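I have placed the structure first, in the form of structure tokens, so that the comments after it can refer back to it.
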Amino acid sequence: MDTPLLFLLLLISSRLLLTVSANFYNDVDITWGNDRAKILDNGQQLQLTLDPTSGCGFQSKEEYLFAKIDMQIKLVPGNSAGTVTAYYLSSQGPKHDEIDYEFLGNLSGDPYIMHTNVFAQGLGNREQQFYLWFDPTLDFHTYSVLWTSNQIMYVF
């Protein structure tokens with residue numbers, strides 16, 4: 001998977017706070033969600049939120065060949081069935097490459113499921129699901145993707 005990917009984020013639930021050494025004013029475009037996406041701290045943080053109507057998303061202005069991405073996410077508490085919180089990296093086109101991190105909503109009391117997938121040249125089928133051993137609604141937790149020339153590693 002040597003195709004550069006654009007950073008895309010689809011946030012359908014939850015509240016997310018992302019911090020990097022770059023400047024979000026210069027490096028990303030808010031693609032949807034209007035005032036639910038906010039650049040804070042002189043461009044050092046990007047905050048994405050969900051309200052009863054929608055979430056929000058952003059896209060990097062540049063393409064990247066490799067990266068390490070850390071996201072701090074706090075999931076929606078209670079009955080969140082039918083809600084998916086996701087962040088992913090994706091190239092453009094029909095034979096796109098993609099790295100996914102998704103959190104599936106649940107019924108109150110059920111465990112939360114984290115879902116990962118990798119697409120190369122438009123082909124996926126590398127899906128894995130993990131039942132989280134902690135409650136991701138109590139506080140923000142850091143979820144990371146380390147993407148190098150040799151591997152893609154999910155850290156949580």
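Values below: all heavy atoms of this structure, side chains included; hydrogens, waters and symmetry mates excluded. Since the model is a prediction, treat every value here as computed from it, not as a measurement.
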| said: Test side chain to side chain donor-acceptor pair (under 3.5 Å) on Thr148 and Asn150; report intermediate values, then the result. | reply: CA-CA 5 Å; Thr148 71; Asn150 298 321; 5.0 Å; no

Interatomic spacing from [atom1] in [X] to [atom2] in [Y] - rounded to 0.5 Å:
{"X": "Tyr25", "Y": "Gln44", "atom1": "OH", "atom2": "CD", "answer": "10.0 Å"}
{"X": "Asn26", "Y": "Lys61", "atom1": "CG", "atom2": "NZ", "answer": "6.5 Å"}
{"X": "Ile73", "Y": "Thr85", "atom1": "CD1", "atom2": "OG1", "answer": "7.0 Å"}
{"X": "Tyr154", "Y": "Ile152", "atom1": "OH", "atom2": "CD1", "answer": "6.0 Å"}

Do [X] and [Y] make a side-chain contact, defined as non-hydrogen atoms from C-beta onward lying under 4.5 Å apart?
{"X": "Tyr143", "Y": "Met114", "answer": "yes"}
{"X": "Phe103", "Y": "Ser80", "answer": "no"}
{"X": "Gln129", "Y": "Leu104", "answer": "yes"}
{"X": "Phe119", "Y": "Asp97", "answer": "no"}
{"X": "Ser91", "Y": "Glu98", "answer": "no"}
{"X": "Thr116", "Y": "Val145", "answer": "no"}
{"X": "Ser90", "Y": "His96", "answer": "yes"}
{"X": "Leu89", "Y": "Ile69", "answer": "yes"}

| request: Taking atom types as modelled, find out whether Thr142 and Asp70 have a side-chain donor-acceptor pair closer than 3.5 angstrom. | output: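 Checked: Thr142/Asp70 side chains show no N/O donor-acceptor pair below 3.5 Å.
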
| task | Check whether the side chains of Thr137 and Asp135 place a donor and an acceptor atom closer than 3.5 Å, and report yes or no. | result | yes

Does [Y] offer a backbone N or O that forms a donor-acceptor pair with the side chain of [X] under 3.5 Å?
{"X": "Asp41", "Y": "Gln45", "result": "no"}
{"X": "Tyr112", "Y": "Leu75", "result": "no"}
{"X": "Thr49", "Y": "Arg36", "result": "yes"}
{"X": "Asp27", "Y": "Asn23", "result": "yes"}

How close do [X] and [Y] get, heavy atom to heavy atom, and via which atoms?
{"X": "Cys56", "Y": "Gly33", "value": "CB-CA, 3.6 Å"}
{"X": "Leu50", "Y": "Gly55", "value": "CD1-N, 3.9 Å"}
{"X": "Arg126", "Y": "Val118", "value": "NH1-O, 3.3 Å"}
{"X": "Lys74", "Y": "Phe140", "value": "N-CD2, 3.6 Å"}
{"X": "Phe58", "Y": "Val28", "value": "CD1-CG1, 3.7 Å"}

Are there over 12 heavy-atom neighbours, none belonging to [X], within less than 6.0 Å of that residue's [atom1]?
{"X": "Asn42", "atom1": "CG", "result": "no"}
{"X": "Asn125", "atom1": "CG", "result": "no"}
{"X": "Tyr131", "atom1": "OH", "result": "no"}

Among the clusters formed by ILVMFWY side chains lying less than 4.5 Å apart, do [X] and [Y] turn up in the same one?
{"X": "Leu107", "Y": "Leu132", "answer": "no"}
{"X": "Phe66", "Y": "Tyr87", "answer": "yes"}
{"X": "Leu65", "Y": "Ile99", "answer": "yes"}

| request: Hey, can you tell me if Phe156 and Trp133 have their rings parallel, tilted or perpendicular (30° and 60° cut-offs)? | output: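 If you compare the ring of Phe156 with that of Trp133, the planes turn out tilted.
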
| request: Output, in order, the C-alpha distance, side-chain angles, deciding distance and verdict of side-chain contact (heavy atoms from CB on, under 4.5 Å) for Asn117 and Tyr88. | output: CA-CA 9 Å; Asn117 200 359; Tyr88 59 92; over 6 Å; no

| query | Do Met71 and Ser144 pass the side-chain contact (heavy atoms from CB on, under 4.5 Å) test, and can you show the C-alpha distance, the side-chain angles, and the key distance before you say yes or no? | reply | CA-CA 6 Å; Met71 297 286 220; Ser144 303; over 6 Å; no

